[in-house]
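Have a look at the structure below before the remarks.
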Amino acid sequence: MHELGVTESIAGIVLRHAEMNGARRVIKVNIKLGELTGIVDHYVSFYWDLVTRDTIAQGAELNFTKVPVVAYCNKCREEFRIQEYDLTCPRCGELASDIISGREFMVESIEIE
C-alpha cells in the first residue's frame, strides 16, 4: 500500500500551500491521477482522513480527475488511447513510441477559505 506515503505527500503539499495563503480551512483538493500510476483513489481517500486529522484539511473533499493513457506513434504520428495495455498503433500496427499521458499524479488545485 504505497497510497499511505503518497497521501502524506499530498497532505504536506496542501497544508504548506494553504498556510502560505492564510487559509483557515481547506475545502477541496483537486488531483490529477493518471491510469498508469497504479494509485487507487479509494485508498488515497481512506488515508486522507487519517493523515489530515486535527489539521485545517480535515474533512476536505478529494476530487480525482482520471487521466487516460495516450500514446504517440513515431511512424505514422498518430496519437491514440491505450486500451488494456495494448501499445499497438491502431493506424499502422507499430508499437507506440512514446507514452504522452497517463503517468500524472499531482495536486492540480486546492480550494480554501
Side-chain angles (χ1 to χ4, degrees):
M1 294 287 176
H2 61 287
E3 280 85 356
L4 176 58
V6 296
T7 306
E8 289 172 328
S9 294
I10 293 169
I13 292 166
V14 167
L15 291 170
R16 185 173 62 247
H17 285 275
E19 187 175 304
M20 287 175 9
N21 289 285
R24 290 180 292 127
R25 187 169 79 98
V26 177
I27 300 167
K28 189 175 186 180
V29 180
N30 296 303
I31 299 168
K32 279 192 170 184
L33 179 60
E35 291 177 346
L36 277 180
T37 62
I39 296 170
V40 181
D41 57 352
H42 169 76
Y43 292 122
V44 173
S45 294
F46 172 79
Y47 288 125
W48 179 256
D49 293 336
L50 179 71
V51 301
T52 59
R53 186 176 297 149
D54 299 327
T55 71
I56 62 170
Q58 182 176 352
E61 175 187 349
L62 294 183
N63 179 46
F64 294 92
T65 301
K66 302 280 181 81
V67 180
V69 182
V70 176
Y72 177 77
C73 177
N74 277 333
K75 183 177 181 189
C76 70
R77 301 177 191 236
E78 177 83 0
E79 283 186 17
F80 58 96
R81 185 169 178 183
I82 301 293
Q83 302 284 336
E84 299 178 8
Y85 303 104
D86 181 5
L87 298 173
T88 307
C89 175
R91 185 173 182 195
C92 71
E94 289 290 317
L95 288 178
S97 304
D98 299 308
I99 303 295
I100 58 176
S101 74
R103 297 180 181 143
E104 298 85 349
F105 184 60
M106 67 177 85
V107 175
E108 186 173 39
S109 63
I110 63 173
E111 296 176 25
I112 59 175
E113 66 175 25

Nearest 0.5 Å, what's the CG-OG1 distance between L50 and T7?
-> 9.0 Å
With sequence neighbours excluded, residues passing side-chain hydrogen bond (donor to acceptor under 3.5 Å, both in side chains) with R25 | E113
Nearest atoms (heavy-atom pairs only) where K75 meets C92 | CD-SG, 4.1 Å
Side-chain (N21) to main-chain (A23) donor-acceptor, under 3.5 angstrom | no
Approximate separation, where rounding is to 0.5 Å, of E108 CD and K32 NZ | 4.5 Å
Distance (rounded to the nearest 0.5 Å) between W48 CH2 and I31 CD1 | 7.0 Å
Is there side-chain contact between E79 and I100, with at least one heavy-atom pair below 4.5 Å?
-> yes
Name all residues meeting the side-chain hydrogen bond (donor to acceptor under 3.5 Å, both in side chains) criterion together with R81; count only those two or more places apart in sequence or in a different chain, and write none if there are none.
-> E35
Here the gap from H2 atom NE2 to Y47 atom OH, rounded to the nearest 0.5 Å, amounts to 10.5 Å
Among V69, V67, L36, find the one that has a side chain to side chain contact (heavy atoms under 4.5 Å, CB included) with S101.
-> V67
Among all residues two or more places apart in sequence or in another chain, which pass the side-chain contact (heavy atoms from CB on, under 4.5 Å) test with D54?
-> Q58
Report yes if the side chains of F105 and V6 come closer than 4.5 Å at any heavy-atom pair, otherwise no.
-> yes
OG1 (T37) and CZ (R103) are apart, to the nearest 0.5 Å, by 11.5 Å
If every non-hydrogen atom of I112 is compared with every non-hydrogen atom of I110, which pair is closest and at what distance?
-> CG2-CD1, 3.9 Å
Heavy atoms, side chains only, cut-off 4.5 Å: are F64 and I39 in contact?
-> no
Of all the heavy-atom pairs spanning V26 and A57, show the shortest one and how long it is.
-> CB-CA, 3.8 Å
Measure the CZ-SG distance between R77 and C89 for me, rounded to the nearest 0.5 Å.
-> 12.5 Å
